[in-house]
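Data block below; observations after.
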Amino acid sequence: MASLTQLLYTARDALSAQTYGVNVTGQNLANVNTPGYVRREAVLETRALGTQTTGSVVATGIRRVTDEFLERRQLDATGLNSAASEHDSRLQSLEALFNDSSGTGLGTSLDNLYNSFASLSANPSDTTVRQNVLSAADGFSQKVRDTGDTIAQSRADLLQDAQSTTDQINEQAQAIARLNTQIVAAEAQGGDAADLKDQRKQVLLGLASLVDVRAITSGSGIVVQAAGTTLVDGTEARKLSIDLGTDSKIRVFAAREGGTPTEVTKFLTGGKLAGIKDARDVDLFDTGKKLDEFVFDVATSINQQHQVGFGTDGVSGRNLFDVGTGSDVARVFKVSSDVAGNPAAIAASGSSATLPGGSDNAAALSKLSSAPVVFGNTRSAAQAYGDMVGDVAQRRSNTEKMMQQREAISAQLEAMNQSMSGVSLDEEFVNLTKFQRAYEASSKVLTTADQLLQELIQRV
Amino acid sequence: MRVTDGMKYADVGRNLARIQTENAEASQQASTGQRLTKPSDDPIAAAELARLRASLSTAVNRRQVVQTAKSDADLAESTLSQVTELLGRARELAMQGSNDSLGPDDRTALSNEARSVRTQMLGLANARGAKGYLFSGSQTDTTAFDTNGVFQGDDVPQTVDIGGSSPTAVSASGAMAFTSAGGRDVFADLDTLATALANNDRAGTAASLDNLDANQKQITSERARVGLVSSKLETSDNVLEQLNLDLSKRQNGIGAADPFEAYSKMSSLSQSLERAVAVSRQVLDSTNYWRS
C-alpha cells in the first residue's frame, strides 16, 4: 500500500516532469524562426523502481522529431536546385549578348556590313560610300570582338567563382568534421547533442547548395559524400580542388590531407559548383566555339571575294578582315591593316580596267549576304546568326524550365521537412497549456498530501 | 499534413514573389509592346525574328540602292531624249543645207549652228549623275567624250545588287548610244555635216541625212533600253516596298504583344496580387488567436 510520503514524492516528480515539458515547449517557441532547428518533444515515462507500483513520472530527455530519409532527399533536391539556378543565372548575360531587339547587336552590325556592299555597288567611286563600307566593317569586327571578349570574360569569372566555391566547400567540410567530433564527445557523456545536430544539419544544407551531397549516419557522426567521393569521414575532412584541363574545362579533384588527388569531375552532379561548370564548360564553351566558326566562315567568304577585286588604287589581292585561326577567332578579329583607314582599298571593281566605276565585285560581295557560306556552306550569314540566337535562347529556356522544376521539387521537400520537423506555434500553445494544467493538478495533489499529513500529525 | 508556421511564411513569400515576377513581366510586355521580353521566352520566335530583322534591313537597303540606280537611269533617259531633240535640229539643218537655193553664206551660218548643236550634245553626253559621268561606263571619273568627240569611257555596264538572284546591269551605255559600237559615231557624223556645210558641199550635206537618221535610231534604241531599265527598277522598288510591309507585318505578328491582351493580363495580375496580399494577411493573422 502506498504511503502518504509516497504521494508527496509522486507529486514532486510530476511537478518536475511538467516543468521539463514547459521548458521544452519554451525552447521550441524560442526557435520557431531558427533555420535548421528541429522541433523537440519531451519524452515522459513512468518511473519504474523495483517491483513496487509507484505511479511516478520522469522526463527521460528529449526527442528530435526528424526523418533521415526526408532529410537526405532534401539535401539532394537542394543540390540540384542550386545547380540549376546557378546555371540559369549564369546564362542570363549570354542571352543578353544575343538579344538584338534594340538593333545594336552583332546581327545588326552584320546586316550593316552587307548593306554597305550593296550601296557601294550603286556608287562605287564615291569616297563617302567607301568610307561607309570601312566603318561598317569596323563596326562588325568590334561587335565580334566585344561578344568574344564577353564570353571569355564570363568564363574567366566563372573559373574564379568555381575556385571560391571549392574553398567554401572545404571550409564547410571541416566544420562538419568538427561538429562530428563534438557530437561524439557529447553523446559519450550522455548528452543528447540536439543543438549540435541542428547546427550540423544546417551546415550540411549549406554544403548541399554548393556541391551534391549524400549524408550517411555512422558510428562516429556522419559520413558525407560529395561529388561521388567521401568528403567527410567521421571526424576527418578531405579536400576538393579544381584545375583546368587541356581543353580549358574545369576538372575537380578530391584528396585526403597530404594525399594524391583523384579526379572526380564526372561524378559532380549538383550544387553551385556543378551549375558553374555546366554554364562555363557547356553553354559558354559551345557558344564561343560557334561564334568563332561563324565569324571565321563569314570573314573568309568576304575575304575571298574581296581579294579578287581591285581598289581604286589598282591593287587587288587584299583581305578585308584579319581572321585568326583555331580557337581564337572572335577575340582577335579586326579589319585588315591593308585596308583600314584607306577607302581606296575597298575592292568594288572586278578588274583593274574598270576602275573606278566598276561595281561587279561590290555587287558580288553584297550577294554573299544570301549565299550559303557558314557552317559547312549550309547557311547564309543571317540564317546562321538566327540559328545562334535560337540556340542561345533555347539553352536559357531549358535552364529556366529546369530551374523552375527543381525549385518546385526543392520547395516541396522543404515543406515536407518543415511539416515533420518545423515548429507549429498552435501546437506549442496547446502543449504549453497541457503542461501548465498538469503542473497545476500536481501542485493540487501536493497540497492535498500536505493537508492529509498535517491532519495526521495533529491527531498524533 | 502537419502545417507549421515556417511553411506558412515560406508559402506566402513564394507565392507573392511569383505573382510579382509575372506582374513585372506583363507590365514589361505592355510598356515595350514586345511579346518577347527576352529571346528565351520563345527561342524559335527569337531565331525567326533575328532572321526577319536581317531580311528587313536588307530590303530597306536594297530599296535605297534601287532608288539611287533609278535616279541615274532616269537622268540618262531624259538626257538621251534631249539628245534626240538636238539630233532632230541637226537633221533640220541638213535638210535646209540640202536645198539648192542656198548660197555659201547661208550654209556657213548653218554650219555654225551645226557646230553649236555638236557642242551642246557633247555637254549632254558628258552629263554627271549620282555616281559620276553617266555615259563613261566604268570610267566614272573621266568625261565620256573629249572636245574632239573621242570616246574615253568603256562599255562596261554598272551592276548593282538589288535583291533577286544575280546582280543587275543598270547603267546607260555611252558607247552604244554615241559611238560606232552602237552603229555610227554620232559626233563624227555631226562633224561631217558641219564640215560639208562649211565647205558649201550640197551633196555631202544631203548624204549626212541618212547618217543622222541612223544616229537618231541608235540613240532612240539606247534610250528605250534605259527606259526599260528604269521601269524594271521601278518594279523592283514596288516589290521591295511590298516586301518591307510584309516583313514588318510578320515581325509584328511574331514579336509584338497584343496590347489588349497585355493590358488585361496586367490588370488581372495586379488584382490577383491584391487578393494574394489580403489572403496572406489572413493566413499570417490566424496565428494571433492565442495571444489574446
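Model, not experiment: these values are computed from the prediction. By convention in this document, chain letters (A, B, ...) are assigned in the order of the sequence lines, proteins followed by strands, and residues within each chain are numbered from 1.
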> Are any of the side-chain nitrogens in B/Arg53 or A/Asp111 under 4.0 Å away from the carboxylate oxygens of its partner?
Replying inline: yes

>> Please classify the contact of B/Asp141 with chain A as side chain, backbone, both or neither, using a heavy-atom distance under 4.5 Å.
In response: both

> Nearest 0.5 Å, what's the CG-CG distance between A/Leu29 and B/Asp5?
Replying inline: 9.5 Å

>> Would you say B/Arg62 and A/Ser366 are linked by a side-chain donor-acceptor pair, where the criterion is simply a distance under 3.5 Å?
In response: yes

> Which residues in residues 38-46 of chain B have a heavy atom less than 4.5 Å from any heavy atom of chain A?
Replying inline: B/Lys38, B/Pro39, B/Ser40, B/Pro43, B/Ala46

>> I'd like to know if the side chain of A/Asn115 pairs up with that of B/Ser57 as donor and acceptor (distance under 3.5 Å, no hydrogens or angles considered).
In response: yes

> Any idea which heavy atoms bring B/Val160 and A/Ala122 closest together, and the distance?
Replying inline: CG1-CA, 3.6 Å

>> Between B/Thr58 and chain A, with a heavy-atom cut-off of 4.5 Å, which part of the residue counts as in contact: side chain, backbone, both or neither?
In response: both

>> Can you tell me how far apart OG1 (A/Thr354) and CG (B/Asp155) are? Round to the nearest 0.5 Å.
In response: 12.5 Å

> Atom OG of A/Ser119 and atom CG of B/Asn61: how far apart are they, to the nearest 0.5 Å?
Replying inline: 4.0 Å

> Going from CD on A/Glu414 to CE on B/Met7, what distance comes out if it is rounded to the nearest 0.5 angstrom?
Replying inline: 10.0 Å

> Which value, rounded to the nearest 0.5 Å, describes the distance between B/Asp161 atom CG and A/Leu365 atom CG?
Replying inline: 10.0 Å

> Which atom pair, heavy atoms only, marks the closest approach of A/Val389 to B/Ala50?
Replying inline: CG2-CB, 4.0 Å

>> Among A/Pro356, A/Ser116, A/Gly390, which residue has the highest count of heavy-atom pairs closer than 4.5 Å to chain B?
In response: A/Pro356

> Under a 4.5 Å heavy-atom cutoff, which of A/Ala381, A/Ala363, A/Gly358, A/Ser419 has the most pairs with chain B?
Replying inline: A/Ser419

> Minimum heavy-atom separation for A/Ala353 to B/Ser138, with atom names?
Replying inline: O-OG, 4.1 Å

> Given a strict heavy-atom distance threshold of 4.5 Å, which part of A/Thr108 is in contact with chain B: side chain, backbone, both, or neither?
Replying inline: both

> Within a reach of under 6.0 Å around CZ of A/Phe375, are more than 12 heavy atoms found that belong to other residues, nucleotides or ligands?
Replying inline: yes

> Taking all atoms of both residues into account, what is the closest heavy-atom pair of B/Thr4 and A/Gly422, and its distance?
Replying inline: CG2-O, 3.5 Å

> For A/Ala118, is it the side chain, the backbone, both or neither that has a heavy atom under 4.5 Å from a heavy atom of chain B?
Replying inline: both

> Using a cut-off of under 4.5 Å for heavy-atom pairs, which of B/Gln34, B/Glu48, B/Arg51 has the most such pairs with chain A?
Replying inline: B/Arg51

>> Heavy-atom pairs under 4.5 Å with chain B: which of A/Asp360, A/Asn99, A/Val32 has the most?
In response: A/Asn99

>> Ignoring hydrogens, what is the shortest heavy-atom contact between A/Met420 and B/Arg2? Give both atom names and the distance.
In response: O-NH1, 3.8 Å

>> Strictly less than 4.5 Å between heavy atoms, which residues of residues 403-413 of chain A line up against chain B? Please order them by number.
In response: A/Ala411

> chain B heavy atoms under 4.5 Å from A/Gln383: which part of the residue, side chain, backbone, both or neither?
Replying inline: both

> Checking heavy atoms, do the side chain of A/Asp126, its backbone, both or neither come under 4.5 Å from chain B?
Replying inline: neither

> Given a strict heavy-atom distance threshold of 4.5 Å, which part of B/Ser71 is in contact with chain A: side chain, backbone, both, or neither?
Replying inline: neither

> Relative to chain B, which of A/Gln92, A/Glu95, A/Arg39 shows the most heavy atom pairs under 4.5 Å?
Replying inline: A/Glu95

> Where do A/Pro124 and B/Gln158 come nearest, in terms of heavy atoms and distance?
Replying inline: CD-NE2, 3.5 Å

> Side chain, backbone, both or neither: which part of B/Val3 has an atom under 4.5 Å from a heavy atom of chain A?
Replying inline: backbone

> What residue, out of A/Ala382, A/Gly105, A/Ser359, A/Ala362, has the most heavy-atom pairs lying under 4.5 Å from chain B?
Replying inline: A/Ser359

> Is chain B contacted by the side chain of A/Arg395, its backbone, both, or neither, given a heavy-atom distance below 4.5 Å?
Replying inline: neither

